[in-house]
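Everything on this sheet refers to the single structure shown next.
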Amino acid sequence: MIQMQDVWKTYPNGVMAINGMTIHIDSGEFVYIVGSSGAGKSSFIKMLYREEKPTRGEIFIDDKKLADYKERHIPYLRRNMGVVFQDFKLLPGLTVFENIAFALEVIEEKKDEIKRRVMQVLDIVRLKNKARFYPHELSGGEQQRVAIARAIVNNPSVLIADEPTGNLDPDTSWEIMHILEEINDRGTTVLMATHNREIVNSMRKRVIAIEGGRIARDEVRGTYNNES
Amino acid sequence: MRGMKLGGRTTMKVRTYGRHFKEGSKNLVRNGWMTFASISAVTVMLLVVGAFLAVIMNINHFADSLEEDVEIRVFIDRDAETSEQDNLEENIDTLSGVDTIDYIPRDEGLEDFIDSLGDEGDYFESLREENPLNDVFVVNAENPEQTDRLAADIEGMDHVENLEYGQDIFEQLFSATDFIRIAGIVLIAGLLFTAIFLIANTIKLTIIARKTEIGIMKLVGATNSFIRWPFFIEGLLLGILGSILPIAALTYGYDQLYHAIGERTGLDFFEFLPPYPMLLQISVLLVVTGAVVGVWGSLMSVRKFLKV
């Protein structure tokens, strides 16, 4: 469960990114965050995984106030959420398997357990046969699937995807969407910031539109634009 | 779904240390030249530290040995009769704090002197015809601190022409030691900073090269200490590797010197410290210094760059 209560974010350079946002997202929801560039989507997402702190207001994740997390406890917050980016952020020197295992190694998981869980998520993203490949040997869509696998290998309660299809062609984008939907079906809350009108309009989910740092629209089974 | 863990700091597992060690040593290889430069800086610094330590330890040892047998050489008036010499000896003996009194007749003194010169002693053979030396009492104090007082008392006695004791050598020695100490400390401090600076830079390179990786580690929930460990180990290894060459050079060099000098006669007043255990002590100190410098350098740059 994600909650924001009257959240404001002003950057030190004076940019007012978020101006009074109140939101409630239940566990297991699938939510699109839409809005033009500079509307405040990135700030919204960064505050969720505590890359940025709100200037005012409170954010709760699973009933815990983010502001209560001390600096050194943030890693434990992040272990409970997966993050996927437009540019994948894979380590080029590691194989697919190693890239995913990396997320478990840093939380000091046992070797057997790492192997079991990595193979499990590789199955979900349908890349079992490419475990030994390096990122540069994969297509963009496959790389994004590896990134998703890495994000969910911890069994997080929330998966945050920041324009996951931004660099992908339409067919590949749909592949990614089906995987995200499947993950959502397993009970993980999915938050996806996107510019992809076609996807939002076809795969109907809750839509939160951000404009000028405020919530312009919040619709269950919404669309990319108001009129459609 | 797992619950959120607030706090709950678990202690690091053994296999994690293995991972950090592997990562840390990989970084050393990856940084090639900077690694080489850092290790060289540590090496030079520790060579100076080691040599300096060896000198200081020897001087201290020498000072100790001098202190142990501070003797007063009392030159007896050449006109003194045997009975007067006996009187003098008795008078000295009554002083408190006198340990031993040895009598060295002038003939024996000359003999020793000529012998000590070896071949060159031949030139002085003619002195045997008219011995210029005095008969001497060698007085040893029970306690080195009493030497001064004893010397003053003896000097006032009859038939004492002159006396000699280690005072001058002592003073010279200590002022020389002070100078060496200060010069050494200044030099070492300079080299220490150079080494730390170079190590910090090497680690900085690693951190920059691995920025993405660190970002991803943070994203997937690695703790800061987990991220720091490999850099910490990289610094530690830089320091320890830097201490290998100085230890080898010092061990070999001192051993050679000790044996070369030890075989020569004539320097018996100055005795080198035996290589063992001195070299062992110095080696331990060098490894520890190297490790501390390495860790210090790495922590310096990690702290600056890993602010989260």
Side-chain angles (χ1 to χ4, degrees), chain A residues 1 27-28 46 49-51 60-66 68-85 87-94 99-111 114 147 150-158 160 162 186-189, chain B residues 1-32 205-234 299 302-308:
Chain A
M1 190 203 62
S27 320
K46 279 181 180 164
Y49 63 90
R50 191 58 152 70
E51 175 88 22
F60 296 85
I61 291 182
D62 289 350
D63 286 328
K64 289 203 181 71
K65 238 194 238 182
L66 284 201
D68 286 350
Y69 279 86
K70 290 192 184 106
E71 214 54 53
R72 64 198 163 91
H73 290 146
I74 292 170
Y76 302 98
L77 164 78
R78 301 226 172 120
R79 288 174 195 189
N80 202 34
M81 47 178 62
V83 190
V84 176
F85 297 93
D87 59 355
F88 322 135
K89 294 201 195 296
L90 299 176
L91 293 170
L94 302 183
N99 261 289
I100 300 168
F102 190 69
L104 294 173
E105 272 166 20
V106 303
I107 62 169
E108 301 177 49
E109 199 52 85
K110 281 199 211 77
K111 252 204 158 84
I114 290 178
R150 184 182 62 197
I152 60 168
V153 76
N154 277 338
N155 275 329
S157 62
V158 183
I160 296 168
D162 192 356
R186 290 164 185 254
T188 308
T189 312
Chain B
M1 223 55 43
R2 278 188 332 181
M4 202 86 98
K5 240 189 284 172
L6 242 180
R9 165 121 182 71
T10 46
T11 45
M12 211 179 293
K13 290 155 189 160
V14 176
R15 67 169 173 282
T16 309
Y17 282 108
R19 177 196 176 275
H20 292 325
F21 189 81
K22 222 171 62 192
E23 288 299 313
S25 28
K26 254 198 246 165
N27 291 344
L28 287 183
V29 179
R30 223 180 307 209
N31 284 337
L205 281 189
T206 315
I207 295 175
I208 290 169
R210 306 185 68 179
K211 238 180 165 151
T212 348
E213 196 174 335
I214 293 170
I216 293 169
M217 285 169 95
K218 283 189 194 162
L219 212 59
V220 295
T223 56
N224 284 347
S225 75
F226 185 93
I227 296 172
R228 266 188 217 117
W229 264 97
F231 301 114
F232 177 81
I233 286 174
E234 185 182 354
L299 290 185
V302 169
R303 203 183 40 210
K304 237 193 299 180
F305 277 78
L306 289 195
K307 267 261 176 251
V308 259

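Keep in mind that the numbers below use all heavy atoms, side chains included, and drop hydrogens, waters and symmetry copies. So that the names make sense, note that chain A is the first sequence line, chain B the second, and so on, each numbered from 1.
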Heavy atoms of B:A222 and A:V106 approach each other most closely as CB-CB, 3.6 Å

For the student: nearest non-hydrogen atoms of A:R78 and B:L219, plus distance:
CB-O, 3.6 Å

Minimal heavy-atom distance between B:V220 and A:R79, with the atoms involved, is O-CG, 3.9 Å

Atom CZ of A:F60 with >12 non-hydrogen neighbours under 6.0 angstrom
yes

All salt bridge (charged side-chain N to carboxylate O under 4.0 Å, His left out) counterparts of B:E23, not counting sequence neighbours
B:K26, B:R210

Salt bridge (charged side-chain N to carboxylate O under 4.0 Å, His left out) partners for A:K89, two or more places apart
A:D87

Considering all heavy atoms of both residues, which atom of A:F102 and which atom of B:E213 are nearest to each other, and what is their separation?
CZ-CG, 3.9 Å

Distance from A:L91 atom CG to B:M217 atom CE, nearest 0.5 Å?
9.5 Å

So CZ of B:R19 and CD of A:E108: to nearest 0.5 Å the spacing works out to 9.5 Å

